[in-house]
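Take a look at the structure below.
Residue numbers start from 1 in every chain, and the chains themselves are labelled A, B, ... in the order their sequence lines are given, proteins ahead of strands.
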Amino acid sequence: MIHPTPRLRFAPSPTGSLHIGGARTAMYNWAAARALGGAFLLRIEDTDQARSTEASLQGILDGLRWLGIDWDEGPGRDGGHGPYFQMQRLDLYRAAAERLLASGHAYPCYCTTDRLEALREQQKAAKSSWIGYDGHCRTLAAEQRAEHERRGLRANLRFRMPEAQVVRVHDLIRGEVEVNTRELDDWVMLRPDGVPLYNFACVVDDIGMRITHVVRGEEHFLNGIKQRLLFEALGAECPVYAHIPLILNQQGAKLSKRDPGVMGVLEYRDQGYPPEAVFNYIALLGWGFSGDRDVFTREEMVAAFRIEAVGKAGAKFDPAKLHWMCGEYIRRWPPAECLDRARPWLGTVPAAAFTTHRAWLENSVACFQERIQLLAELAPKLGWLFADPAPDEAARRNLAKDPASRQWLAAWAEALAASDLPPSWPQDRAGVDERVRLPWRKDAPEPACAFATPARIEADCRAFVERLGVKFGSFVHPVRAALTGTDKGPGLFDVVFLLGKDACVRRLRAAAAGV
RNA sequence: GUCCCGGUCGUCUAGUCCGGCCCAGGACCCCAGAUUUUCAUUCUGGUAACACGGGUUCGAAUCCCGUCCGGGAUACCA
């Protein structure tokens with residue numbers, strides 16, 4: 001037969017947030033669809049009415065969009081195979097159920113929940129090797145059914161599984177696997193109220209939506225067997241299956257939203273994880289780009305992705321590598337982009353600075369790009385730019401280390417007061433930062449600037465320190481402490497350049513005076 | 001219990017299909033060193049793995065069997 005256009009789907013139930021596992025499943029389906037030149041659709045499996053919520057739905061859609069996983073068909077994008085919400089497809093399930101009832105593939109079951117529960121208890125208590133529905137209503141005669149109906153009992157519809165039949169499936173991940181239907185029971189397809197259960201709705205929709213490949217978590221492997229039989233019963237061709245291994249927590253069990261350190265996709269967004277880093281990291285959970293590369297773009301992933309290349313073993317989620325990945329991306333951004341991206345987390349930065357001191361802000365951010373892994377880490381590191389900082393413990397130590405340092409600070413304050421340092425925030429820095437891009441690297445060409453550049457500040461400083469007759473290092477530490485209130489941060493001459501004359505002089509004098 | 005799947009450095013993995021190029025490569029983490037005014041970045045180096053036992057073979061991480069360990073499934077959830 002002619003190969004149909006590949007069509008893959010991600011089919012979440014809106015009963016919670018999009019977590020790492022779901023995101024990866026969506027991503028692999030998406031990447032496979034793109035790689036195969038097919039379509040990626042989103043179907044919402046909202047048949048669990050008790051747990052489905054609108055908020056969850058929105059969260060899942062937002063999470064997917066944030067990661068850059070877009071869908072060709074689904075909510076908000078009609079592709080002619082909708083509706084894409086299962087609760088809007090009830091008549092389709094009803095019709096399929098009628099057919100299966102007529103063909104004998106399905107039968108009504110009048111067993112009560114109580115009886116079913118008792119049955120399970122009994123099977124467990126007896127340490128039965130087999131647990132499941134006993135087929136009580138499987139062979140009900142027509143008159144018995146009529147009798148039950150007369151008494152007002154409402155039936156579930158069950159699928160009649162073939163007895164002891166070996167079903168052979170080819171799974172893209174697992175290869176050939178045989179399962180005996182003996183292991184499976186007659187499962188419920190449809191509730192009395194017409195709401196379908198997972199396996200049934202899934203198959204009816206996969207047929208209706210022309211799905212060709214199903215990529216999902218391995219917890220669905222046995223469902224795949226049930227579904228294959230249903231496809232056959234409905235006279236439809238079964239899609240190709242790929243059951244991918246689970247993502248594991250630190251203990252090696254299925255990753256749960258309740259595991260410590262594990263968050264929903266949107267929480268990563270809110271904490272300033274770059275989406276492409278999260279995407280990149282998640283892709284690596286069970287799949288490798290190549291033997292020697294871990295960092296790649298979405299496009300590169302699509303070009304390289306093959307479902308069969310996904311591993312068989314579960315992967316543990318490692319927050320440390322995710323953080324590294326985030327830093328890796330942040331460092332690569334141009335400062336302007338970093339500033340824009342970090343804007344939502346820069347609430348403590350005076351709003352005016354974004355318009356009047358844009359370039360200065362970019363320079364400031366640039367000085368920290370190699371020092372952060374999450375965008376949320378930026379704001380706390382920028383405080384000293386706007387207000388004279390109170391020295392932290394390390395800074396106090398550096399200030400107190402050498403009693404003579406107060407004289408140096410005072411002396412350098414006066415030297416700087418007489419120098420051509422750029423103006424301090426919020427004074428107008430008139431094109432200074434446009435001309436001098438930070439962080440300054442010693443091999444970079446010296447830019448033309450009306451004010452002292454980091455390179456000149458350093459040269460002057462070294463000469464000054466030499467005249468003073470002290471070790472450069474001993475001089476620099478208290479200065480940094482006085483200027484930034486801490487012992488870490490960008491190169492000191494970037495700091496002085498960014499801070500400008502007034503602020504530097506003021507802080508050095510204050511520190512010299514022991515304030 | 002039963003069925004299914006898995007098991008290469010602490011972690012993610014390459015290599016496994018078509019045995020030799022692997023006394024096992026890359027990345028994260030960790031450690032040491034270099035650069036440096038701190039931190040960070042960068043660079044260099046290091047520690048560290050084929051779960052175990054048999055078998056097949058001239059030769060096995062790669063093939064076969066068993067054991068152990070781990071995970072998943074066994075719903076009127078998805």
Side-chain angles (χ1 to χ4, degrees), chain A residues 11-13 15-16 45-48 50-52 109 111-113 116-117 120 123-124 126-133 156-158 171 173-175 177-180 182-185 187-193 195 197-199 201-202 216-223 225 243 245-246 248 250-254 281 284-295 311-325 327-328 331 367-372 394 398 439 442 458 461-462 465 471-477 479-481 484 486-493 495:
Chain A
S13 69
T15 53
E45 308 211 329
D46 54 356
T47 56
D48 186 342
R51 297 193 299 144
S52 293
C109 168
C111 292
T112 61
T113 309
L116 262 17
E117 272 174 17
R120 296 181 65 76
Q123 288 168 336
K124 279 184 181 167
K127 295 205 190 303
S128 165
S129 67
W130 192 87
I131 293 174
Y133 182 60
N156 281 309
L157 210 57
R158 281 186 190 269
D171 189 284
I173 309 294
R174 297 192 177 196
V177 182
E178 289 183 351
V179 176
N180 196 307
R182 212 166 30 206
E183 309 299 332
L184 277 8
D185 62 359
W187 46 279
V188 176
M189 306 189 318
L190 200 64
R191 294 193 186 92
D193 61 4
V195 177
L197 267 76
Y198 173 68
N199 283 303
C202 185
R216 79 232 300 191
E218 71 176 11
E219 72 267 29
H220 286 299
F221 183 79
L222 235 32
N223 286 328
I225 305 295
H243 288 95
L246 272 14
L248 281 14
Q250 292 309 309
Q251 286 67 242
K254 182 176 174 178
Y281 177 71
L284 252 14
L285 258 19
W287 177 78
F289 179 80
S290 73
D292 57 5
R293 234 183 106 188
D294 289 355
V295 183
K312 293 188 188 67
K316 281 187 187 167
F317 181 81
D318 179 15
K321 188 155 185 176
L322 206 208
H323 279 96
W324 164 79
M325 186 74 79
E328 197 70 12
R331 255 173 267 134
C367 285
F368 284 97
Q369 275 179 258
E370 60 195 35
R371 294 177 170 82
I372 60 168
N398 285 341
K442 54 178 179 293
E458 170 164 16
C461 178
R462 284 187 186 275
V465 171
K471 264 185 65 189
F472 189 65
S474 345
F475 176 82
V476 143
H477 296 305
V479 170
R480 172 184 296 284
T484 68
T486 185
D487 67 337
K488 306 179 199 345
L492 187 63
F493 307 106
V495 165

Exercise. Report which part of the nucleic acid A:Ser13 touches: base, sugar-phosphate, or nothing (heavy-atom distance under 4.0 Å, all strands).
Key: sugar-phosphate

Quiz item: A:Thr112 near the nucleic acid: base, sugar-phosphate alone, or nothing, with a heavy-atom cut-off under 4.0 Å?
Solution: base

Self-check item: Nucleic acid footprint by protein, nucleotides 30-38 of chain B - heavy-atom cut-off 4.0 Å, B for base, S for sugar-phosphate alone
Solution: -------BB

Quiz item: NA contact type, A:Cys111, heavy-atom cut-off 4.0 Å: base, sugar-phosphate, or nothing?
Solution: base

Quiz item: Under 4.0 angstrom, heavy atoms only, what part of the nucleic acid is A:Thr47 near: base, sugar-phosphate, or nothing?
Solution: sugar-phosphate

Quiz item: Ignoring hydrogens and angles, does a donor from either the side chain of A:Asn156 or the base of B:rC76 sit under 3.5 Å from an acceptor on the other?
Solution: yes

Quiz item: In the structure shown, which nucleotide is the Watson-Crick or G-U wobble counterpart of B:rU38, with both distances under 3.5 Å?
Solution: none

Exercise. Name the closest nucleotide to the A:Arg174 side chain, picking from B:rA73, B:rC5, B:rC29.
Key: B:rC5

Quiz item: Which nucleotide in the list B:rA27, B:rA78, B:rA73 gets nearest to the side chain of A:Leu222?
Solution: B:rA73

Practice problem: Could you check which of B:rC77, B:rC5, B:rA78 has an atom nearest any side-chain atom of A:Asp48? | Solution: B:rC77

Quiz prompt | Minimum-distance nucleotide to A:Val188 side chain [options: B:rC76, B:rC29, B:rG71] | solution = B:rC76

Quiz prompt | Contact letters for nucleotides 9-14 of chain B, in which S counts primed atoms plus P, OP1 and OP2 and B counts the base, heavy atoms under 4.0 Å | solution = --SBS-

Quiz prompt | Mate of B:rG70 where both pairing distances stay under 3.5 Å, Watson-Crick or G-U | solution = B:rC5

Self-check item: Counterpart base for B:rA32, defined by Watson-Crick or G-U wobble contacts under 3.5 Å
Solution: B:rU44

Quiz item: Given B:rG1, B:rU41, B:rA78, which nucleotide is nearest the side-chain atoms of A:Ser129?
Solution: B:rG1

Quiz item: Across the strands shown, which category fits A:Asn223 at heavy-atom distances under 4.0 angstrom: base, sugar-phosphate, nothing?
Solution: base

Quiz item: Is there a Watson-Crick or G-U wobble partner for B:rA60 with both distances under 3.5 Å, and which nucleotide is it?
Solution: none

